[in-house]
Q: 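Take a look at this one; I'll ask things after.
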Amino acid sequence: MNFSEKLKAFNTTHPKKEIMVQGRTLHYRLSGPAARPVILCLNEFGISELWVDYTLALEKSFRVLTLDYPPEIQTSDVLCVALHELLGQLGVDQAILLGAGDGGVLAQRYGEAYPGDVQALVLMATATADCAYLEKLRRRAKTYFPILRRKISLMKPAKLIELTAQALGDETPGERAQIEDFLATVAETSDYKARLTQTARLAEDMLVRRPPVTSQALGYLSGRVLLLLPEVDLFDVSDQKRLEALFDRPVIQRIAGGHLSTIVKAEAYIESIENFLKELN
């Protein structure tokens, strides 16, 4: 079954719900046993469809909460407030944050802003906001982000998918085809151009306008952090070491593949997440 067919079936069994948060309509999905811990999933595109495989696997033992970021939100602090209010309205006292890519940076910022909300952190294919890779972007942020947004506004969907696929690592031809099918399906089912523009604005905000999250701010998560690091990521070993140093006693696992291995090797990531949370509980 390709991703398009899988998503069609998923939308039937897991329809989105609506809720008003900060005067904005927010679309979300919440599934799994009512009495189980909640996993709040955050990714760099703010699209709930990216979590289909994770939802189907993790909802057997946990409640899984995914959402589409309201398109009006362009800064990480406003998004964090919206997430906090969402959890409150849904009656969730604490959540396990699952963050991938820029969603991992957002999870760090949320953990700093709302320590009482966070039971544990699981970060995949991500880094700290002050890592060397992102520091290069920060130094040329004044020109880089406006140019990037301009490119996105002018690009056709096929070129936008190609832009996203630049994050590929050492995937096989079959895995590359799987990723391209995945991205093409997402582009058809969402306002992909608007989502990429929002992603660029949120990234600019987190990298340029906000100070880096400190280890002191996240010290309360000692022993409750899982880092899943691709072996051929956009972020090199030094960047990954910087992420590791942010936490006290994190559990660290490396998974074969590149930045988008979270898509094609979802089973490996899910197995690691399940084992970590089993030990945690």
Side-chain angles (χ1 to χ4, degrees), residues 37-44 50-51 53-55 57-58 61-62 64 94-115 117-136 167-171 175 179 203 206-207 212-281:
V38 172
I39 300 176
L40 171 59
C41 303
L42 306 170
N43 59 56
E44 49 204 338
L50 297 183
W51 294 108
D53 287 335
Y54 291 82
T55 298
L58 295 172
S61 302
F62 301 91
V64 181
Q94 280 196 320
I96 299 156
L97 301 190
L98 172 55
D102 287 358
V105 179
L106 178 64
Q108 295 166 45
R109 293 207 174 279
Y110 189 90
E112 179 182 50
Y114 296 102
D117 288 5
V118 183
Q119 181 180 352
L121 275 182
V122 178
L123 304 179
M124 313 187 301
T126 192
T128 60
D130 59 348
C131 72
Y133 178 88
L134 296 177
E135 182 61 31
K136 295 175 184 176
L168 288 167
D170 63 347
E171 288 80 8
E175 289 172 337
I179 289 172
M206 290 190 288
L207 295 180
V213 176
T214 66
S215 56
Q216 291 81 4
L218 299 178
Y220 69 93
L221 288 168
S222 176
R224 290 186 283 147
V225 177
L226 172 63
L227 304 179
L228 298 175
L229 308 175
E231 293 179 350
V232 193
D233 201 1
L234 298 173
F235 309 111
D236 63 18
V237 173
S238 65
D239 285 342
Q240 292 179 342
K241 291 292 184 184
R242 195 179 191 96
L243 179 64
E244 294 170 19
L246 183 63
F247 302 103
D248 179 48
R249 299 190 300 115
V251 176
I252 303 163
Q253 295 183 21
R254 286 177 168 76
I255 295 181
H259 192 67
L260 298 180
S261 61
T262 54
I263 297 172
V264 293
K265 292 184 170 64
E267 288 183 4
Y269 284 89
I270 290 166
E271 182 180 4
S272 294
I273 293 167
E274 289 176 330
N275 291 337
F276 170 74
L277 296 179
K278 186 184 300 181
E279 291 295 324
L280 192 67
N281 293 320

Q: Mind checking whether Asn275 and Glu271 have side chains closer than 4.5 Å, heavy atoms only?
A: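 Yes. Closest side-chain heavy atoms under 4.5 Å.
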
Q: Return yes if some donor-acceptor pair links the side-chain N/O of Glu112 with the main-chain N/O of Gln108 below 3.5 Å, else return no.
A: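 No, the answer is negative, given that no donor and acceptor are paired below the 3.5 Å cut-off.
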
Q: Can you measure from CD1 (Ile96) to CG (Leu280) and round to the nearest 0.5 angstrom?
A: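 Going from the CD1 atom of Ile96 to the CG atom of Leu280 covers 6.5 Å.
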
Q: Looking at every heavy atom in both Thr214 and Leu246, which two are closest together, and how far apart are they?
A: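 Closest pair (atom of Thr214, atom of Leu246, distance): C-CD1, 3.6 Å.
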
Q: Within this structure, what is the CE-CG distance for the pair Met124 and Leu98, rounded to the nearest 0.5 Å?
A: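 Here the rounded value is 4.5 Å.
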
Q: Side-chain contact test, heavy atoms from C-beta onward, threshold under 4.5 Å: evaluate it for Ile39 versus Leu277 and give yes or no.
A: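 Yes, at least one pair of side-chain atoms sits under 4.5 Å.
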
Q: Measuring from Thr128:OG1 to Tyr133:OH, what's the distance to the nearest 0.5 Å?
A: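 Interatomic distance, Thr128 OG1 to Tyr133 OH, rounded to 0.5 Å: 13.5 Å.
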
Q: Between Leu243 and Phe235, is any pair of side-chain heavy atoms under 4.5 Å apart?
A: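 No - every pair of side-chain heavy atoms lies 4.5 Å or more apart.
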
Q: What is the minimum heavy-atom distance between Gly111 and Leu97, and which atoms define it?
A: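 Looking at all heavy atoms of both residues, the closest pair is N-CD1, 4.4 Å.
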
Q: Do Phe247 and Leu218 have side-chain heavy atoms sitting under 4.5 Å apart?
A: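 Yes; the side chains approach each other to less than 4.5 Å.
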
Q: Calculate, to the nearest 0.5 Å, the distance between atoms CG and CZ belonging to Asp239 and Arg242 respectively.
A: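 The CZ atom of Arg242 is 8.0 Å from CG of Asp239, to the nearest 0.5 Å.
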
Q: Work out which heavy atom in Phe276 is nearest to a heavy atom in Leu121; give both atom names and the distance.
A: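 Residues Phe276 and Leu121, closest heavy atoms: CE2-O, 4.3 Å.
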
Q: Just wondering, do Tyr220 and Val118 contact through their side chains at under 4.5 Å, heavy atoms?
A: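 Side-chain contact under 4.5 Å: yes.
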
Q: At what distance, to the nearest 0.5 angstrom, does NE2 of His259 lie from CD of Glu44?
A: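 Going from NE2 on His259 over to CD on Glu44, the span is 4.0 Å.
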
Q: Pick out which of Val105, Val213, Asp117 makes a side-chain contact (heavy atoms from CB on, under 4.5 Å) with Tyr110.
A: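 Of the listed options, the one satisfying the test is Asp117.
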
Q: Is there a donor-acceptor pair closer than 3.5 Å between any side-chain N or O of Thr126 and the backbone N or O of Gly101?
A: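 Answer holds: yes.
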
Q: Ignoring hydrogens and angles, tell me if any N or O in the side chain of Asn43 forms a donor-acceptor pair with the backbone of Ala100 under 3.5 Å.
A: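 No; zero donor-acceptor contacts below 3.5 Å.
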
Q: Which heavy atom of Leu40 sits nearest to which heavy atom of Ala95, and what is that distance?
A: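 Looks like CB-CB, 4.3 Å.
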
Q: Answer yes or no: is there a donor N or O on one side and an acceptor on the other, between the side chain of Gln240 and the main chain of Pro230, under 3.5 Å?
A: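 Side chain of Gln240 to backbone of Pro230, a donor-acceptor pair under 3.5 Å: yes, one is there.
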
Q: To the nearest 0.5 angstrom, please state how far the CG atom of Leu50 sits from the OG1 atom of Thr55.
A: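 One gets 10.5 Å once the value is rounded to the nearest 0.5 Å.
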
Q: I need the minimum non-hydrogen distance between Thr262 and Tyr54, along with the two atoms involved.
A: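 So the minimum-distance heavy-atom pair works out to O-OH, 2.7 Å.
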
Q: What pair of heavy atoms forms the shortest contact from Val64 to Cys41, and how long is it?
A: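 The answer is CG1-SG, 3.9 Å.
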
Q: For residues 244-253, pull every pair meeting salt bridge (charged side-chain N to carboxylate O under 4.0 Å, His left out), keeping only residues two or more places apart or in separate chains.
A: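 Checked against salt bridge (charged side-chain N to carboxylate O under 4.0 Å, His left out) - neighbours excluded - the pairs reaching residues 244-253 are Lys241-Glu244, Glu244-Arg254.
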
Q: Find out whether Glu274 and Ser61 are in side-chain contact, i.e. whether some heavy atom of one side chain is under 4.5 Å from a heavy atom of the other.
A: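 Not touching, per the 4.5 Å side-chain cut-off.
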
Q: In chain order, what residues pass the salt bridge (charged side-chain N to carboxylate O under 4.0 Å, His left out) check against Lys136, with sequence neighbours excluded?
A: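 None.
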
Q: Report the residues that fulfil salt bridge (charged side-chain N to carboxylate O under 4.0 Å, His left out) with Arg224, sequence neighbours left out, ordered by chain and then residue number.
A: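 Salt bridge (charged side-chain N to carboxylate O under 4.0 Å, His left out) list for Arg224, sorted by chain: empty.
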
